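Because the structure is predicted, anything quoted here is derived from the model rather than measured.
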Amino acid sequence: MAIKLNVQNAGLKAHELDYIRPLVESANRALHERSGAGSEMLGWLDLPETYDREEFSRIQAAAKRIQAQSEVLVAIGIGGSYLGARAGLEFIKGPFGNQLHSGKGVEVYFAGNNLSSAYVQNLFDIIGERDFSVNVISKSGTTTEPAVAFRLFKAKLEEKYGKEGARERIYATTDAHKGALRGLAEEEGYETFVVPDHIGGRFSCLSAVGLLPMAAGGMDLEKVMQGCADARTAYSKPELPDNDAMKYAAVRYIMLSKGKGTEILASYEPSLAMFGEWYKQLMAESEGKDGKGIFPVSANFTTDLHSIGQFIQDGARTLFETVLWVEQSGHDLTVPEDPANMDGLNFAAGMTMQQMNEKAMKGTLLAHVDGGTPNIVITLDRLDDYTFGGLVYFFWKSLAISGYLLGVNPFDQPGVEAYKKNMFALLGKPGYEQAKAALEERLQGI
């Protein structure tokens with residue numbers, strides 16, 4: 001694999017992984033034997049072998065049509081219905097991918113992940129008079145944020161192209177058999193792709209949920225799935241010393257047992273910022289149950305060293321860091337010599353920015369470890385399609401084992417429903433009338 005795990009700065013004593021080994025290997029067996037909680041949602045576990053090849057080909061064909069007829073794709077979804085695809089596109093194309101016009105696919109923007117009218121209007125303005133298509137992603141079709149966005153963009157498409165023309169530019173990724181979006185898609189004649197029943201949203205980015213936006217944006221799906229397949233092989237080994245996914249889960253559990261209840265996923269490449277957002281959903285929705293779990297946050301270094309760096313160095317000793325480090329940036333920009341040296345930077349003249357970034361990473365790691373913050377390092381060879389597929393699977397597998405170690409079902413999310421019920425009541429959704437009055441009374445004065 002193009003992924004290497006290093007735990008030598010995690011502050012572990014020599015025996016700690018040995019002591020926890022039986023527990024971790026038992027959790028891994030439960031996963032593969034499908035005997036643990038939530039086993040009906042393990043479709044991701046063998047996805048690189050079992051994915052629908054016919055649908056995969058249709059996704060690739062649809063991506064080519066989008067590229068041929070549009071300059072922009074708007075992917076509408078929330079949570080797992082957008083985070084993975086956006087993380088993948090920025091992983092490959094960087095944060096300026098939509099502006100660089102590198103020839104790798106169309107511009108891809110994401111909507112339906114908030115209720116901000118300013119955000120949607122700004123997106124309308126960005127599209128302007130250009131041709132665009134829409135991929136609406138929702139298992140039910142009734143989730144509020146994407147449903148609102150789809151109404152707005154569907155109306156925009158029909159205004160621009162007419163009802164028939166809009167039909168050819170709308171792609172629906174939804175339940176195979178039921179739900180509001182499935183019914184609408186069949187009635188209107190949209191091409192459809194399937195949100196799998198046996199794969200939860202935060203594990204779905206390498207299904208049709210994430211693959212169509214990624215392909216339209218120019219990612220190589222064959223390489224993504226090969227990376228995922230090779231990771232599945234690498235991380236299926238049953239013994240802890242041979243399996244880095246198990247080892248990462250084990251170290252996280254040890255960190256929590258020592259009072260380190262917050263994990264910071266830190267990267268030194270802005271291209272990984274959205275991967276951090278994907279990681280937060282994966283970890284938080286999976287582990288945060290029954291009063292348990294590690295609280296996940298992400299940080300972008302060196303930027304955030306000038307903000308939360310002080311807390312990491314000297315604040316409450318309740319956290320640990322997992323550093324994503326990329327060995328090859330793909331670019332060799334060298335610091336030039338300046339005869340005047342007014343900024344005092346000539347000591348770095350002739351060095352590449354990648355070399356400087358590496359020194360910053362290593363110096364920060366040592367400072368944080370010395371300050372009492374354990375560090376785990378995950379090193380990636382490069383940011384490419386193959387590595388993305390492998391890294392996604394690495395985190396899937398580690399998280400699933402981690403959830404079983406904690407004694408929770410890592411594949412459901414019961415707590416997410418609480419805010420929805422209150423929001424529906426306050427919006428006046430039918431069936432919530434009684435709750436609305438009680439909530440409005442509680443909100444007086446707020």
Side-chain angles (χ1 to χ4, degrees), residues 2-11 83 86-97 248 251-252 255 260-284 294-335 343-345 347-348 351-384 387-388 391-392 394-395 398:
I3 302 164
K4 297 185 283 288
L5 178 72
N6 186 329
V7 299
Q8 70 181 43
N9 288 296
L83 281 167
R86 186 169 177 184
L89 286 165
E90 292 200 13
F91 192 99
I92 302 304
K93 300 173 75 173
F96 304 122
Y248 176 50
V251 175
R252 293 180 80 245
M255 292 295 104
K260 309 293 186 182
T262 298
E263 179 180 23
I264 299 177
L265 185 74
S267 66
Y268 286 75
E269 283 293 340
S271 295
L272 291 170
M274 279 307 304
F275 191 88
E277 296 300 304
W278 174 83
Y279 144 88
K280 286 192 292 188
Q281 190 211 10
L282 178 71
M283 298 300 190
I294 296 171
F295 184 68
V297 296
S298 61
N300 305 303
F301 292 167
T302 60
T303 305
D304 288 336
L305 294 175
H306 297 261
S307 57
I308 62 172
Q310 172 63 39
F311 189 97
I312 297 170
Q313 187 68 46
D314 289 338
R317 303 294 79 194
T318 57
L319 53 87
F320 67 99
E321 284 179 308
T322 296
V323 177
L324 280 182
W325 173 248
V326 183
E327 286 194 325
Q328 301 177 43
S329 71
H331 302 279
D332 290 320
L333 294 178
T334 302
V335 179
D343 54 12
L345 194 62
F347 71 90
M351 294 180 65
T352 66
M353 289 188 70
Q354 177 68 5
Q355 289 172 327
M356 294 184 71
N357 209 18
E358 183 178 12
K359 301 303 182 188
M361 182 273 288
K362 290 180 176 178
T364 301
L365 185 150
L366 293 176
H368 288 179
V369 169
D370 289 345
T373 299
N375 267 246
I376 301 165
V377 180
I378 299 172
T379 300
L380 315 178
D381 284 351
R382 60 185 64 84
L383 297 178
D384 60 13
T387 304
F388 178 74
L391 190 63
V392 164
F394 171 85
F395 276 99
S398 298

* Asked: Does the pair Thr322 and Glu263 meet the rule for a side chain to side chain donor-acceptor pair (under 3.5 Å), with working shown?
  -> CA-CA 7 Å; Thr322 296; Glu263 179 180 23; 2.6 Å; yes
* Using the six-membered ring wherever Trp is involved, compare the ring planes of Phe275 and Phe91 and label them parallel, tilted or perpendicular (cut-offs 30° and 60°). => tilted
* **Atom pair OG/CG of Ser398 and Leu5 - distance to nearest 0.5 Å** => 8.0 Å
* Asked: Quick one: does Phe395's side chain get under 4.5 Å of Met283's, heavy atoms only?
  -> yes
* To do: Supply the atom-to-atom distance Arg382 CZ to Ile92 CD1, rounded to the nearest 0.5 angstrom.
  => 11.0 Å
* Check each of Lys362, Met361, Glu269 against Trp325 using the side chain to side chain contact (heavy atoms under 4.5 Å, CB included) test, and report the only one that passes. => Met361
* Could you check if a side-chain atom of Val326 sits within less than 4.5 angstrom of a side-chain atom of Leu272, using non-hydrogen atoms only? => yes
* Mind checking side-chain contact (heavy atoms from CB on, under 4.5 Å) for Thr373 and listing every partner two or more places apart, or none if nothing turns up? => Ile312, Arg317, Leu319, Glu321, His368, Asn375
* Please indicate whether Asp370 has more than 12 foreign heavy atoms, meaning atoms of other residues, nucleotides or ligands, lying under 6.0 Å from its CG. => yes
* Asked: What distance separates Lys359 NZ from Met356 CE, expressed to the nearest 0.5 Å?
  -> 11.5 Å
* Asked: Under 3.5 Å, is there a donor-acceptor pair between the side chain of Gln313 and the main chain of Ala367?
  -> yes
* Asked: So, Ser307 side chain and Asp304 main chain: donor-acceptor pair closer than 3.5 Å or not?
  -> yes
* To do: Please confirm whether the backbone N or O of Glu327 pairs with a side-chain atom of Gln354, one donor and one acceptor, at under 3.5 Å?
  => yes
* To do: Would you mind reporting whether Thr379 and Asn6 have side-chain heavy atoms less than 4.5 Å apart?
  => no
* Asked: Are the side chain of Asp384 and the backbone of Thr387 linked by a donor-acceptor contact shorter than 3.5 Å?
  -> yes
* To do: Calculate, to the nearest 0.5 Å, the distance between atoms OH and CG belonging to Tyr279 and Leu324 respectively.
  => 9.5 Å
* To do: Flag yes if more than 12 heavy atoms outside Met353 fall under 6.0 Å of its CE atom; otherwise flag no.
  => no
* Asked: Between Val323 and Phe301, is any pair of side-chain heavy atoms under 4.5 Å apart?
  -> no
* Side chain of Asn357, backbone of Tyr268: donor and acceptor closer than 3.5 Å? -> yes
* Lys4 atom NZ: more than 12 heavy-atom contacts under 6.0 Å -> yes
* Under 3.5 Å, is there a donor-acceptor pair between the side chain of Thr302 and the main chain of Leu305? -> no
